[in-house]
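Read the structure below first, then the notes.
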Protein chains: 2
Amino acid sequence: MSQNVCPGNMCAECSFRSSIFSKLNNAQLDELTASKTFNFAKKGEIIAKQGGKIKGFIFLRVGLAKLTRVNPDGREQIIGIATPNDFVGLLSIFSSKNYQYNIIAIEDCEYCCVDYDLVMNLISTNGDFAKTLLEKISQVSDLMMGTRLDLELRQLRGRVAFIICYFANEVYKSTTFNLPISRREIAELIDMRVENVVRILSEFRRDNIIKIEGTTIEIVDQEKLRWIKIHG
Amino acid sequence: MSQNVCPGNMCAECSFRSSIFSKLNNAQLDELTASKTFNFAKKGEIIAKQGGKIKGFIFLRVGLAKLTRVNPDGREQIIGIATPNDFVGLLSIFSSKNYQYNIIAIEDCEYCCVDYDLVMNLISTNGDFAKTLLEKISQVSDLMMGTRLDLELRQLRGRVAFIICYFANEVYKSTTFNLPISRREIAELIDMRVENVVRILSEFRRDNIIKIEGTTIEIVDQEKLRWIKIHG
DNA sequence: AATCAAATCTGATAAATATCAACATATATA
DNA sequence: TATATATGTTGATATTTATCAGATTTGATT
């Protein structure tokens, strides 16, 4: 599903304007408006495919997407979750002609795709834009690396607590939220087995740390959850 | 230990010229030559400190350095090894005023330090330079992330095999080499306990996969080691 | 409504890893 | 040289995690 018009249609008024495109002049913004496409992806739909040719820069406007890869053994691994206003696929876009990861919608998504050559041209001709882009890339990859490093030395309970806090604090900014991914996907995201994800979630519920109602999760004991996240 | 002269003294003739600084013109190269400092760090010496103010861009010319961080629990973690011609500290330099990691020499090192403002200025004024830098950053962080992801889903034997292969193939390009880091550091690098590192190395020796003589390691059975690296 | 497939869940057990203790060996320091 | 201190090593044991098996629930499709 894809179409060429975005609400407002002007990149100058887009929320990305203030972050990544703040250093473009009016002419450059017009170029951007003319070249970009505005797209939809339903939950489960693939936005970009690992190994596929990079066509452009993908900016997520609405919804959530997961970044995944199939590792050499054929096991699927989720690298991270992209949230609105994220510049998705940042990590590999300058080092390869092909996507290193899959980008898959886990909620209905709206995203923009900006032509690759146009951005490259902007980098060459607008140094301040290049600088902003460098900062943003650095931020995103730094954050991702930090998250992976944090996760690596936690054990299972700590990892599950971490991911619950992540969705509550970073994504939904609420102690009650709809878990957008399955138990299997949680397992793939924090490197554990489905059975153990289930087990530990049940454990948290039994200990009155969280409530689970269908896909809804409510954090009841924030203190205890944070403690487990750090020490568990 | 630090001094201002580098062998040849001209950045135009430096090995980094061909990678990162290939797009600078002569005037810009002269600026670079004038502003950079050339430094030594003995084994064990700290080149940059986590939390410390970023003064410049660090380029490793000779030797090996480890990138480490102290995680919130106070446990030391090694993120990666920097090899000659690496642009060290890439990940955080554009997203923070402070180093996110320690950079510590694990062999005697020679490195250049290029003034932060100078590089920032070059980015603004030379789009092609900015593009090259983006590519390099993307490459390095992509590689690092890939390595961490690979490591995460291996178990201990596979991780130890991985790190031996890494030093043999990527760093020393020889099946015999002096292990530059201690057992403890290996443990910190691949997220395991010292005892298990020792145990598995002994196991590999007992199974005639490697020979260990002091700090020297020789890979005897490359086939078997690679198998363990992938399937172990 | 009936049926199938996938996801969720629980318990029992096996395998992997961490911890603890003890000692040997090297390396630095007084 | 003697002494302390970190590193390396091995075995026994406890803890954590994965695996296997089976049951229940959920959701989609006919």
Side-chain angles (χ1 to χ4, degrees), chain A residues 42-45 66 71 73-78 104 106 151-164 178-207 210-217 228-229 231-232, chain B residues 42-45 66 71 73-78 104 106 151-164 178-207 210-217 228-229 231-232:
Chain A
K42 282 210 179 305
K43 177 173 175 161
E45 216 172 302
K66 62 177 178 180
N71 87 307
D73 310 349
R75 204 167 136 185
E76 183 143 329
Q77 217 174 359
I78 300 182
I104 302 174
I106 56 177
L151 278 173
E152 278 174 22
L153 32 75
R154 287 195 165 84
Q155 40 194 49
L156 302 196
R157 254 159 280 269
R159 287 189 223 158
V160 174
F162 183 96
I163 210 63
I164 296 173
N178 272 326
L179 197 63
I181 56 179
S182 69
R183 307 290 190 264
R184 165 169 310 282
E185 286 171 312
I186 294 179
E188 287 167 354
L189 180 56
I190 57 185
D191 279 307
M192 47 189 286
R193 296 299 169 163
V194 186
E195 294 95 321
N196 289 324
V197 173
V198 171
R199 226 185 292 275
I200 289 168
L201 283 174
S202 302
E203 203 180 299
F204 285 176
R205 181 182 45 198
R206 195 172 47 249
D207 297 345
I210 59 171
K211 274 185 192 160
I212 307 175
E213 296 244 347
T215 61
T216 303
I217 286 191
I228 295 171
K229 174 184 155 184
H231 304 99
Chain B
K42 283 211 178 305
K43 178 175 174 161
E45 217 172 302
K66 63 177 177 179
N71 88 306
D73 310 351
R75 205 168 136 184
E76 183 142 327
Q77 217 175 358
I78 301 181
I104 302 174
I106 56 177
L151 278 172
E152 278 175 22
L153 31 75
R154 287 194 167 84
Q155 42 194 49
L156 302 195
R157 256 158 277 270
R159 289 189 221 160
V160 174
F162 183 96
I163 211 63
I164 296 173
N178 271 326
L179 197 62
I181 56 178
S182 69
R183 307 288 190 263
R184 167 171 307 282
E185 287 172 312
I186 294 179
E188 287 166 355
L189 179 56
I190 57 184
D191 279 307
M192 47 190 286
R193 295 299 168 166
V194 186
E195 295 95 320
N196 289 324
V197 172
V198 170
R199 228 184 290 276
I200 288 167
L201 282 174
S202 303
E203 203 181 296
F204 285 176
R205 181 183 46 200
R206 196 172 46 249
D207 297 346
I210 59 171
K211 274 185 192 158
I212 307 176
E213 297 243 347
T215 62
T216 304
I217 285 190
I228 295 171
K229 173 184 155 185
H231 302 99

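In what follows, every chain begins at residue 1, and chains take the letters A, B, ... in the order their sequences are listed. Bear in mind the structure is a predicted one, so any value in this text is a computation, not a measurement.
Note: CD (E213(A)) to C1' (dT8(C)) measures 16 Å, nearest angstrom. One can place CZ of F204(B) at 17 Å from C1' of dT9(D), the figure rounded to the nearest angstrom. Atoms NE2 (H231(B)) and P (dA16(C)) sit 16 Å apart, rounded to a whole Å. Computed from coordinates, the R157(B) CZ to dA15(C) P distance equals 13 Å when rounded to whole Å. Straight-line distance from the CZ atom of R184(B) to the P atom of dA6(D): 10 Å, rounded to whole Å. Rounded to an integer number of Å, the gap from CD of E152(A) to C1' of dA18(C) is 17 Å. Distance CD1 (I212(B)) to P (dA26(C)): 14 Å, rounded to an integer number of Å. Rounded to whole Å, the distance from CD1 on I186(B) to P on dT7(D) is 13 Å.
With rounding to the nearest 0.5 angstrom, the CD1 atom of I106(A) is 7.5 Å from the CD1 atom of I78(A).
Taking each heavy atom of R159(B) and L151(B) in turn, the nearest pair found is NE-O, 3.6 Å.
Side-chain atoms of R184(B) do not come within 3.5 Å of backbone N or O of V194(B) as any donor-acceptor pair.
Listed by residue number, the members of residues 187-202 of chain A with any heavy atom below 4.0 angstrom from DNA chain C are E195(A), V198(A), R199(A), S202(A).
Between R157(A) and E203(A) a salt bridge is recorded (basic side-chain N to carboxylate O distance below 4.0 Å).
Within the 4.5 Å cutoff, no side-chain heavy atoms of V198(B) are placed close to those of E195(B). Counting heavy atoms from C-beta on, the side chains of F204(A) and V160(A) come closer than 4.5 Å.
For Q155(B), taking side-chain heavy atoms from C-beta onward, the closest of the listed nucleotides dA16(C), dG8(D), dA7(C) is dA16(C).
Between R183(B) and the phosphate of dT9(D), there is a side-chain N or O to OP1/OP2 separation shorter than 4.0 Å.
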